[in-house]
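Below is one structure; the comments refer to it alone.
Per chain, numbering begins at 1; letters A, B, ... match sequence-line order.
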Protein chains: 2
Amino acid sequence: MKPTLRAVAEAVGVSRSTVSNAYSRPDQLSTELRRRILDAAREMGYPGPDPTARSLRRGYVGAIGVLFTSRLSYAFTDPFATQFLTGVAQAAERHGSSLLLVPLPADAAGARKAVENAAVDGFCVYCGGDEEGEIVDAIRSRGLPFVTTSARPRAEDRWVGIDERAAARSVAEHLTGLGHRRVALLADRVLPDAAPGPVRVGDLADVPHPTTRERLAGFADAFAAVGVDWSQLTILSATDNSRPAGAAAVGAPDSLPEPITAVLACADVLALGALDTLREADRHLAVTGFDDIAEAAPVGLTTVRQPGVQKGRRAAELLLDPPVDTDAHQILLPTTLVVRTSAGPAPRS
Amino acid sequence: MKPTLRAVAEAVGVSRSTVSNAYSRPDQLSTELRRRILDAAREMGYPGPDPTARSLRRGYVGAIGVLFTSRLSYAFTDPFATQFLTGVAQAAERHGSSLLLVPLPADAAGARKAVENAAVDGFCVYCGGDEEGEIVDAIRSRGLPFVTTSARPRAEDRWVGIDERAAARSVAEHLTGLGHRRVALLADRVLPDAAPGPVRVGDLADVPHPTTRERLAGFADAFAAVGVDWSQLTILSATDNSRPAGAAAVGAPDSLPEPITAVLACADVLALGALDTLREADRHLAVTGFDDIAEAAPVGLTTVRQPGVQKGRRAAELLLDPPVDTDAHQILLPTTLVVRTSAGPAPRS
DNA sequence: TTGAAAGCGTTACCAG
DNA sequence: CTGGTAACGCTTTCAA
């Protein structure tokens with residue numbers, strides 16, 4: 001039986017408040033008495049105030065939650081997610097908070113429940129898909145602060161992110177500038193249950209994931225500007241945001257519905273996978289990525305850089321000490337086109 | 001003002017227990033009543049039972065803590081730590097638990113406090129240094145279960161790990177087999193405040209970190225077996241367990257106290273750093289690592305593989321559903337010597 | 001500087 | 001199946 005604060009109080013012969021003060025407000029009692037209490041506590045094996053009870057009473061937990069749409073183990077496997085988490089961890093650490101990593105079940109009800117059960121002071125919503133609405137709703141009804149990082153939210157909510165569409169457009173323009181006209185766009189789960197490979201997407205609005213939607217739209221913008229419209233673009237869907245899934249999605253490049261000269265991926269990991277497949281097939285198409293993860297540079301991947309660590313850090317800061325000025329509640333981070341060698345000029349046809 | 005369970009009860013005209021049951025024990029009331037309660041709750045904006053209050057009452061949190069000795073952001077940066085976390089996350093996820101990542105301040109008192117304040121059901125102690133004693137002590141006095149992963153603990157404690165010494169010895173024997181006799185051992189913080197580079201270590205017992213101590217001992221075993229004793233080995237200390245720190249520790253290879261033909265690192269990241277420096281200096285020494293992280297294969301690093309993901313997974317499992325048989329509370333994982341190209345035969349002198 | 005009283009929001013037990 | 005009562009372990013006024 002663990003001793004409680006009460007037991008210590010009785011043993012020392014003081015009131016519970018005094019013992020509590022000995023731990024939490026040393027200035028409220030004499031050094032000598034405090035010493036006596038702490039000593040007695042140690043002797044009795046009292047481990048200090050129970051964190052749960054303390055949280056309940058104080059209304060403050062000392063931890064922030066990070067919500068992952070995909071499997072939790074993903075968090076440590078995906079390079080961009082890792083960058084983001086590093087940033088969050090930096091800010092949390094400085095603030096003295098812990099990080100609660102919350103895996104979200106795929107079903108909306110389960111996700112809601114996960115949010116409702118997390119003992120935290122606020123949430124970083126990392127990359128929600130279409131279920132983000134449900135999640136945000138659950139957080140809001142708990143009355144906790146949160147920061148989102150994908151599609152731009154309501155004006156009153158906190159957000160840190162990039163201009164997805166413009167960023168995507170910038171790589172795509174690089175490709176149109178190089179003469180590419182027949183291209184494939186590669187993204188994770190373009191449509192809900194798509195098999196790996198080409199899919200028909202009648203309308204961009206059908207794409208569930210907002211970030212993917214924005215990036216595809218950005219790509220499309222650039223091609224539209226040179227007279228290539230949406231229906232002429234090949235869309236490749238991966239089953240996952242991972243290198244193998246990217247490789248699988250490209251499949252047999254020669255059997256694609258349309259001949260292409262370039263692949264524009266919505267993430268570096270996908271682009272890397274595409275490169276794997278193409279190298280295997282000995283095809284030399286132009287490939288571009290998105291994010292600029294560490295693995296991109298060594299293989300010369302042309303991509304758009306977004307500051308992942310900073311994104312995480314600023315998200316956590318927004319949560320932990322929000323700027324008084326509400327105008328500063330939404331932070332737009334810069335992106336840069338990083339031109340390397342993976343995307344050369346289109347072959348003259 | 002967030003509504004509470006009590007408010008819902010009053011609104012519906014039932015007792016608090018009934019509302020509570022509606023959430024936590026659906027079988028305790030009629031479907032119809034439950035529906036009415038849940039509907040009313042939704043309407044009032046009641047987000048469901050407060051997680052903190054629930055934890056206090058139930059005596060169960062639904063989260064396990066992972067304790068990091070080094071900076072928290074390390075967790076996502078260090079490849080081996082990442083593997084470990086992935087494993088922990090897998091197990092936690094399956095069990096429906098969240099992961100609380102707890103950064104430990106460098107000072108013992110702070111670390112103790114961090115442990116005492118974490119609202120969790122148990123701890124995975126990842127890689128404690130010499131302060132592990134203090135930490136384990138704090139956990140124990142809270143009466144929570146824990147699993148450690150470094151030096152083998154008391155018989156009654158849970159542990160998952162490898163035979164550090166034998167594993168280290170196996171790489172070292174590979175090197176002695178190749179004829180190496182004058183070598184340097186490279187490790188993270190061999191002595192408490194060592195500057196990067198060579199240090200004198202009179203006695204292995206002076207090395208604070210138990211894992212490092214074991215690995216160095218294993219290396220030494222192999223060399224002792226061929227007549228090279230401890231005092232003839234050069235010890236290189238890094239300031240950190242990272243690639244740059246490894247690079248810095250090797251410093252100017254030609255200015256080392258003794259000429260060497262090989263560097264045995266206690267971690268792949270350090271070995272990688274050493275390789276960076278040596279390549280820079282155009283020196284072609286043999287280099288070996290430890291862990292077999294993903295980056296090891298591409299550069300042909302000879303190393304010892306330990307199953308990182310599995311280590312994390314089994315640690316978490318040991319915590320989440322401990323085997324009834326206490327004999328199974330300590331799990332020894334296998335290691336394998338992985339011979340690649342980074343360590344060739346010693347030059348004939 | 002100390003202590004008494006009043007919760008924080010739940011859930012468990014047990015009687016009805 | 002329902003509801004009253006008593007905690008869970010602590011912190012925080014507020015008055016002494």
Selected nucleotide, minimal atom distance to B/D50 side chain, candidates D/dG9, C/dT2, C/dG9: C/dG9

Side-chain N or O of B/Y23 closer than 4.0 Å to phosphate OP1/OP2 of C/dG9: no

Test item: B/R112 and B/S141 side chains (from C-beta on) under 4.5 Å apart, heavy atoms: yes

Any A/Y60 side-chain nitrogen or oxygen under 4.0 Å from OP1 or OP2 of D/dT12: no

Nucleotide D/dT2, atom C1' - distance to CD of B/E32 in whole Å: 14 Å

Atom-to-atom span, CZ of A/R16 to P of C/dA5 - whole angstrom: 10 Å

For atom CG of A/L5 and atom P of C/dG7, their distance in whole Å: 20 Å

A/S17 side chain near C/dG3 phosphate (N/O to OP1/OP2, under 4.0 Å): no

Rounded distance in Å - CD1 (A/I37) to P (D/dT11): 13 Å

NZ/NE/NH1/NH2 to OD/OE distance under 4.0 Å, B/D240 and B/R189: no

Candidate nucleotides D/dT11, C/dT10, C/dT11, ranked by approach to the side chain of B/A53 - the nearest: C/dT10

Side-chain donor/acceptor of B/R54 to base of C/dT10, under 3.5 Å: no

Touch class at under 4.0 angstrom, heavy-atom based, for B/T52 against every strand present: nothing

Basic-acidic side-chain contact under 4.0 Å: A/R142, B/D50: no

Out of C/dT10, C/dA12, D/dT12, whichever nucleotide has its closest atom nearest the side chain of B/P49: C/dT10

Euclidean distance, atom CG of residue A/N117 to atom P of C/dT10 [Å, nearest integer]: 12 Å

Sugar-phosphate only, base, or nothing, as touched by B/L56 at under 4.0 Å among non-hydrogen atoms: base

B/T77 and its side chain to side chain contact (heavy atoms under 4.5 Å, CB included) partner, picked from A/L85, A/V309, A/T86: A/T86

Length of the CZ-P vector between A/R25 and C/dG3, whole Å: 16 Å

Whole-Å gap separating C1' (D/dG9) and CZ (B/R142): 13 Å

Gap between atoms CG and P, on B/D27 and D/dT2 respectively (whole Å): 12 Å

Touch class at under 4.0 angstrom, heavy-atom based, for A/S55 against every strand present: nothing

Ionic contact status for A/E317 with A/R94, cut-off 4.0 Å: yes

Any B/T18 side-chain N or O less than 4.0 Å from OP1/OP2 of D/dT2: no

Under 3.5 Å donor-acceptor pair, B/R57 side-chain atoms to C/dT10 base atoms: no

